[in-house]
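The sequence lines fix the lettering, A, B, ..., with proteins before strands; numbering per chain opens at 1. Just so you know, these numbers use all the heavy atoms, side chains as well, and skip hydrogens, waters and symmetry mates.
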Amino acid sequence: MVARTYARQAASATRSRIFTPSERGELSTIIIHPRNPTPPKSSTQPQTPLGKSLKADQKITVSDALTEFDKMLQLQPRPPMSSFNTLLGTVAKAKRYQDLILMINRMAEVNLLPDYIGMNILLNCYCELKRVGLGFSVMGGILKRGYNPNIVTFTALIKGLCMEDKIGDALGLLKKIIRMGFHPNVKTWGTLVNGLCRTGNAEVALRLHEEMKNGNVGLDLRFNPSLIYYSSLIDGLCKEGLVEKGKELFLEMEGRGISADVVAYGALIHGLCRMGEWEQAKELFIQMIDRGIRPNVVTFNILMDSLCKEGKTDEASGMLELMIRRGEKPDSITFNTLIDGYCLEGRIDDAKELFVSMAAKGHERDVASYNVLINGYCKCRKVEDVRELYSQMKDHDLTPDSATYSILLDGFCKNDCLVEAIELFETLEKSGYKLNSLNCNCLLDGLCKAGKLNLASELFERFPEMGLAPTNFTYSIMINGFCKDRQLEKANNMFVEMENKGCALT
DNA sequence: ATAGGGTTAG
């Protein structure tokens with residue numbers, strides 16, 4: 001009896017196996033007993049009240065989930081894995097990936113291994129954290145435990161590869177899984193297209209799109225693009241200045257009977273604004289309202305930012321009033337955008353006033369609010385106000401970020417406070433803060449402009465030990481510095497090094 | 001029924 005049960009399980013596992021042995025070998029070297037991913041059902045396992053109610057009530061907070069998780073870990077016998085998965089899913093949806101990893105680790109401490117779903121959640125988590133290598137390890141684990149990865153697994157890995165700019169690998173993985181008989185679905189295509197677009201490969205995405213549309217590559221089996229797919233592509237094309245293509249795609253989409261929503265409109269409006277096609281942008285804005293699509297806070301932020309960049313800050317301010325009249329609640333991005341607009345126009349007092357009134361109106365000021373205003377004060381050479389704001393933001397328990405430091409380093413350098421810039425740099429280094437290339441570039445530029453080429457060279461040489469790679473920008477700062485200092489040979493050496501590193505593309 | 005895709009500021 002028992003033997004027959006096992007035999008049946010083994011047979012069904014074999015049938016459900018998607019890979020040929022050699023294909024499995026490609027993905028993982030060790031495969032043990034194949035097993036169905038369906039978890040065993042048991043009525044004797046305890047259900048905690050929250051674990052059960054989660055599915056009905058989606059609004060459970062992450063902290064509730066974490067508390068519940070702690071309780072469930074203590075219970076004997078253990079609640080079913082599906083309850084754990086529910087909590088893992090809640091934390092993952094909130095993008096609290098560090099917490100998620102902690103949860104998985106704590107489960108491991110009590111010998112509780114995640115099942116098929118849990119492993120997929122973990123895999124996705126690593127991909128989101130730009131640790132696609134770990135994502136692949138988890139897939140190895142999935143295979144080892146006899147589960148079969150599915151299209152969701154692969155979609156997550158494709159996203160992870162894209163996020164690390166490994167576009168070739170992402171396309172390679174896609175081709176491989178198609179060869180293996182998996183069917184990419186609309187989300188897979190959306191992920192890939194978005195990944196391509198976000199890494200400046202919108203033209204590749206467009207080519208892929210044309211091929212699929214024409215059915216040229218045999219990829220058209222399940223190709224029914226969605227609104228999200230099109231929005232990604234339109235946005236990507238617009239960001240690379242291919243607004244005409246973006247408009248075409250917008251029409252193509254609607255021609256397929258897919259109506260644009262607030263996001264699709266936002267992407268195209270933003271693209272038009274960036275190209276200075278203000279009239280067309282306005283037309284679209286009116287069109288969407290006529291069609292009953294409510295502009296949201298993002299739409300308004302896009303319009304306001306474009307107005308600010310055009311030097312039309314007062315119109316942007318009018319836009320803020322319009323959105324409030326329409327019952328659309330501005331967020332911190334709205335205010336930061338407008339504050340930045342005032343700064344760009346040199347209206348630092350208006351910027352400050354808005355910054356102050358923000359708090360008064362109950363809108364929380366974030367790190368970016370301070371960054372924008374500090375930058376404004378730097379640009380109008382009011383270093384004393386810069387210092388004050390910097391200490392004020394720390395008093396308000398806001399942690400300066402890398403943008404803050406770039407603004408400060410650049411600001412001190414450009415306001416004849418080079419020593420202060422160097423001091424800040426050293427303080428940060430000593431505190432263990434990991435400076436990035438942009439931070440270093442700011443100080444490098446300051447050192448070069450002050451004629452301190454020796455110090456600049458010293459800092460440049462330290463890039464590797466700081467775990468940084470010089471960027472194009474780094475090289476041009478150094479080349480410029482050496483040229484101005486009439487050290488043409490050194491400038492030339494720098495140029496050669498840059499070319500050798502393949503950085504000479506700009 | 002527990003996992004995957006899109007728009008905005010420094």
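Separating the CG atom of L268(A) from the C1' atom of dT8(B) is a distance of 15 Å, rounded to the nearest angstrom. Going from atom CG of D340(A) over to atom P of dA9(B) covers 10 Å, rounded to whole Å. Distance CZ (R294(A)) to P (dT7(B)): 22 Å, rounded to an integer number of Å. Atom CD1 of I158(A) and atom C1' of dG5(B) are 11 Å apart (whole Å). As a whole-Å value, the separation of N185(A) CG from dG5(B) C1' is 9 Å. Following rounding to the nearest Å, K187(A) (NZ) and dA3(B) (P) show an atom-to-atom distance of 10 Å. At whole-Å resolution of the value, CG in N150(A) and C1' in dA3(B) are 8 Å apart. Rounded to an integer number of Å, the gap from D331(A) CG to dT7(B) C1' is 13 Å.
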Working note: T334(A) + D331(A), criterion side chain to side chain donor-acceptor pair (under 3.5 Å); need CA distance, chi angles, decisive distance, verdict.
CA-CA 5 Å; T334(A) 317; D331(A) 61 9; 2.8 Å; yes
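When the nucleotides dA9(B), dG4(B), dA3(B) are ranked by their closest atom to the side chain of T155(A), dG4(B) comes out on top. Side-chain proximity of Y116(A) to the nucleotides dT7(B), dG6(B), dA3(B) is greatest for dA3(B). When each of dT8(B), dG4(B), dG5(B) is scored by its nearest atom to the side-chain atoms of N194(A), the top-ranked nucleotide is dG5(B). In the set dG4(B), dA9(B), dG5(B), the nucleotide with an atom closest to the side chain of T337(A) is dA9(B). Candidate nucleotides dA9(B), dG5(B), dG6(B) were compared by shortest atom distance to the side chain of D261(A), and dG6(B) ranks first. When the nucleotides dG6(B), dG4(B), dG5(B) are ranked by their closest atom to the side chain of S226(A), dG5(B) comes out on top. The side chain of N120(A) has dA3(B) as its nearest neighbour among dA3(B), dG10(B), dT8(B).
Listed by chain and residue number, Y370(A) satisfy the ring pair (Phe, Tyr, Trp, His ring centres under 6.0 Å) test with F355(A) (two or more places apart in sequence, or in another chain). When the side-chain contact (heavy atoms from CB on, under 4.5 Å) test is applied to N85(A), the partners found at least two apart in sequence or on another chain are M81(A), L88(A), D115(A), I117(A). By the salt bridge (Lys or Arg N to Asp or Glu O under 4.0 Å) test, E310(A) is found to be paired with K312(A), residues two or more places apart in sequence or in another chain being considered. For R96(A), the salt bridge (Lys or Arg N to Asp or Glu O under 4.0 Å) criterion is met by D99(A), not counting sequence neighbours.
Screening residues 345-356 of chain A for salt bridge (charged side-chain N to carboxylate O under 4.0 Å, His left out), with sequence neighbours left out, gives D314(A)-R347(A), E345(A)-R347(A), R347(A)-D350(A). For residues 263-284 of chain A, the set of pairs meeting the ring pair (Phe, Tyr, Trp, His ring centres under 6.0 Å) definition, not counting sequence neighbours, comprises F250(A)-Y265(A). Among residue pairs with one or both ends in residues 269-283 of chain A, none qualify as salt bridge (charged side-chain N to carboxylate O under 4.0 Å, His left out); sequence neighbours excluded.
A donor atom on one side chain and an acceptor atom on the other are not found under 3.5 Å apart for T67(A) and D70(A). A donor and an acceptor atom, one from each side chain of Y116(A) and N150(A), are located under 3.5 Å apart. In this structure, a donor-acceptor pair under 3.5 Å is absent between the side chains of T337(A) and D340(A).
When heavy atoms are screened at a 4.0 angstrom cut-off, V367(A) is found touching base atoms of the nucleic acid. Contact annotation for A92(A): no contact, since no heavy-atom pair falls under 4.0 Å across all strands. Residue-level contact check: A267(A) touches neither bases nor backbone, having no heavy atom under 4.0 Å from any strand. At a threshold of 4.0 angstrom between heavy atoms, the contacts of V152(A) include nucleobase atoms, whether or not backbone atoms are also involved. At a threshold of 4.0 angstrom between heavy atoms, the contacts of T188(A) include nucleobase atoms, whether or not backbone atoms are also involved. As judged by a 4.0 angstrom heavy-atom cut-off over every strand, Y370(A) is placed among residues making no nucleic acid contact.
Remark: N301(A), I302(A), D305(A), K309(A) in residues 299-311 of chain A come within less than 4.0 Å of DNA chain B through at least one heavy atom. Near DNA chain B, defined here as any heavy-atom distance below 4.0 Å, the residues from residues 234-258 of chain A are D235(A), K239(A), listed numerically.
Between the side chain of S232(A) and the base of dG6(B), no donor-acceptor pair under 3.5 Å is found. One donor-acceptor pair, N or O on each side, does fall under 3.5 Å between the base of dG6(B) and the side chain of S231(A).
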